[in-house]
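Working notes, structure below.
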Amino acid sequence: MNNEKAPTLKDVTPRSQDYSQWYLDVVLKAELADYGPVKGCMVIRPYGYAIWEAIQAELDRRIKATGAVNAYFPLFIPKSFLEKEKEHVEGFSPECAWVTIGGGEQLEEPLAIRPTSEAMICSMYAKWVNSWRDLPVLINQWCNVVRWEKVTRPFLRTTEFLWQEGHTLHATETEAEERTVMMLDLYRAFVEEMLAVPVVHGPKSEREKFAGAKTTYAIEALMGDGKALQAGTSHNLGQQFGKAYGIEFLDQNMQRTVPWSTSWGMTTRLIGAAVMTHGDDSGLILPPRVAPIQVVIVPIPPRKGDWSVEILPKAREILATLRAAGIRAHLDDRDTQQPGYKYADWEMRGVPVRLEIGPKDVEKQQVVLVRRDNRAKSFVPMPGLVPAASALLTSLQGDLLLRARRFTEENTTRVASYDEFKSRMADKRGFLVADWCRDGACEAAIKDETKATVRVIPQEGEAVPGTCVRCGRPSPRPAYFAQAY
RNA sequence: CGGGAUGUAGCGCAGCCUGGUAGCGCACCUGCUUGGGGUGCAGGUGGUCGGAGGUUCAAAUCCUCUCAUCCCGACCA
């Protein structure tokens, strides 16, 4: 049952009114992050960092399950290292931060603060790899990187951000391509299962690919305002980096061979993706699997007398029971706030399930459970609490994905004419599925005229050739277009 | 990096035009009260007015520069 109407948080801009202001409001007021003293550098506060930790824990587990291991490489990259791969340096130099002074003295060679670690890691690989027996190399790193961005937004685009970057070397081109696609699929599954964010996936256009890559694959999610957000990338780097950094191995035929490499990463941007995908006018809605608090217990004091006599002990007992069952629970025992205030407060923070325990419930040996997404209320007998709470969390997780998927589908449109493309992009935006000739000039013109870019070119299913929505030349299969974050 | 806006207490704002030693609401602290959707009352704490320089007897207020944030455009996880 759906109870009271959503009380609008008086301090959060309604999502329907101003999406981007709403986003900033909830990120700040739910205490996920705060602005630091340097432009584009945010502080990730404990509540936001706990989400990142949940993401890290599971993503790390899944990455290791593919055979990769973790390592750590230096933050500083000598200028000459970065310059070895031409396309790569051209792509990244505009957003590089440089250290030129150390210990009070001018450095002989400037050091880049890593914008990504291909240069550093490949240089080390050149020392470590000699034989086909050394392959594959499958290393992942969790770290921070810095990219000097002009326009920044908390989590979505910050000057410094946290991520994982995997870097692999393979003896064959096929194996590298398999790895690239495998990691993309791992990312897709992770984002859908953990963050309940549905994505489209496939290779990028030439124009949108990673600097120096042969092919870039990406997952892209559609946000509530109809703009697409790149949520993860996996690059097939071919032999480019191997050649540039002098990596060679002796293969089984005693031939000196340059290995094929890949790299793949996901970032703290995922937190922004989850916020934008699921939130509502009352604030955040966190997917249970990454929510720092899955169940918040709000004790209701008796009309007369002391809540510490009966209510609080019961609430503590419930807290212990839930925690023992592996549910991340929190007891809000602040006696300075009213229950109603606490409801609004925890809703704003996106806690998936609220548990109310008051005099009436103690009497009836029950608790009240309320879902964050639709505020549906259920009365649960105390003995069945753990299974009921678990089931509620599970179904909420599933429903969030379904709801987001429905939204994405409803805002994905197959367009046949450029007029339709333009009017649609000027109006509701969303994903537009359109045939495209693969010509970069045409792509650039589309961006000029509609602000939309090629997000991915999905490969599954039969290729149905068509004609380019803009110029009419042949198109092997349609691409997904959207305005991007 | 261009165009626009903003910056005064933790948050939201007034004061600036017309210079004269800083105010309101919320939050916070104390006490009582209240408690199943943001209780109420009373009393209190807190600000070198984003920063630097200038004009002036005197600057939150006028001038210059600078930094940050937001919005709109060109480049990017």
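Small disclaimer: the values here were computed from a predicted structure and weren't measured. A, B, ... follow the sequence lines: proteins, then strands. Residue 1 opens every chain.
- A salt bridge does not link Lys342(A) to Asp345(A): none of the charged nitrogens lies less than 4.0 Å from a carboxylate oxygen.
- Scanning atom types as modelled, no donor and acceptor separated by under 3.5 angstrom connect the side chain of Arg303(A) and the base of G36(B).
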Produce a footprint string for nucleotides 68-77 of chain B: one letter per nucleotide, 5' end first; B if the base is under 4.0 Å from any protein heavy atom, S if only the sugar-phosphate is, - if neither.
SSSS-BBSBB
Stepwise, does the side-chain contact (heavy atoms from CB on, under 4.5 Å) test hold for Phe241(A) with His88(A)?
CA-CA 9 Å; Phe241(A) 283 83; His88(A) 190 58; 3.6 Å; yes
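- Counting heavy atoms from C-beta on, the side chains of Glu443(A) and Arg438(A) never come closer than 4.5 Å.
- Taking the C1' atom of each, C63(B) and C29(B) are spaced 42 Å apart, rounded to whole Å.
- Of the P atoms belonging to G19(B) and U56(B), the separation is 16 Å, rounded to the nearest Å.
- Proximity of Gln338(A) to the phosphate of G38(B): no side-chain N or O atom is located under 4.0 Å from OP1 or OP2.
- Protein atom OH of Tyr343(A) is 7 Å distant from nucleotide atom P of G36(B), rounded to whole Å.
- Nucleic acid contact class of Pro339(A) (heavy atoms, under 4.0 Å, all strands): sugar-phosphate only.
- Base pairing of U61(B): no nucleotide in any strand meets the Watson-Crick or G-U wobble criterion (both distances under 3.5 Å).
- Asp306(A) has its CG atom 14 Å from the P atom of G35(B), to the nearest Å.
- Between Glu220(A) and Lys204(A), at least one side-chain nitrogen of the basic residue sits less than 4.0 Å from a carboxylate oxygen of the acidic one, meeting the salt-bridge criterion.
- More than 12 heavy atoms of other residues, nucleotides or ligands shown are found within 6.0 angstrom of CD on Glu31(A).
- If you measure from atom CD of Gln337(A) to atom C1' of G37(B), you get 14 Å, rounded to the nearest angstrom.
- Of all nucleotides present, only A68(B) satisfies the Watson-Crick or G-U wobble test against U6(B), with each distance under 3.5 Å.
- The nearest whole Å value for the distance from the CG atom in Leu355(A) to the C1' atom in G37(B) is 16 Å.
- The separation of U30(B) from C17(B), taken at their C1' atoms, amounts to 42 Å, rounded to a whole angstrom.
- Distance noted for atom P between G38(B) and C32(B): 24 Å (whole Å).
- Contact annotation: side chain of Asp361(A) to base of G36(B), donor-acceptor pair present below 3.5 Å.
- No side-chain N or O of Tyr245(A) forms a donor-acceptor pair with one of Glu118(A) less than 3.5 Å apart.
- Atom CD1 of Ile300(A) and atom C1' of U39(B) are 14 Å apart (whole Å).
- With both ends at atom P, the span from G10(B) to A42(B) equals 25 Å, rounded to whole Å.
- One can place CE of Met348(A) at 14 Å from P of A27(B), the figure rounded to the nearest angstrom.
- For the pair Tyr341(A) OH and G36(B) P, the interatomic distance rounds to 15 Å; values are reported in whole Å.
- Side-chain atoms of Glu356(A) and base atoms of G36(B) include a donor and an acceptor less than 3.5 Å apart.
- Rounded to an integer number of Å, the gap from Asp332(A) CG to G37(B) C1' is 14 Å.
- Across U8(B) and G12(B), the matching C1' atoms stand 12 Å from one another, rounded to whole Å.
- Using Watson-Crick or G-U wobble geometry with both donor-acceptor distances under 3.5 Å, C1(B) finds its partner in G73(B).
- If you take atom C1' in C72(B) and the same atom in A60(B), they sit 30 Å apart, rounded to whole Å.
- Rounded to the nearest Å, the gap between the P atom of C65(B) and that of G40(B) is 49 Å.
- For the salt bridge (Lys or Arg N to Asp or Glu O under 4.0 Å) with Glu347(A), the lone residue among Arg354(A), Lys29(A), Arg372(A) that qualifies is Arg354(A).
- Salt-bridge check for Glu193(A) with Arg62(A): passed, with a basic side-chain N closer than 4.0 Å to an acidic carboxylate O.
- With a cut-off of 3.5 Å on both Watson-Crick or G-U wobble distances, the partner of A14(B) is given as none.
- Within the structure, the salt bridge (Lys or Arg N to Asp or Glu O under 4.0 Å) test picks out the following pairs touching residues 310-320 of chain A (sequence neighbours left out): Lys314(A)-Glu317(A).
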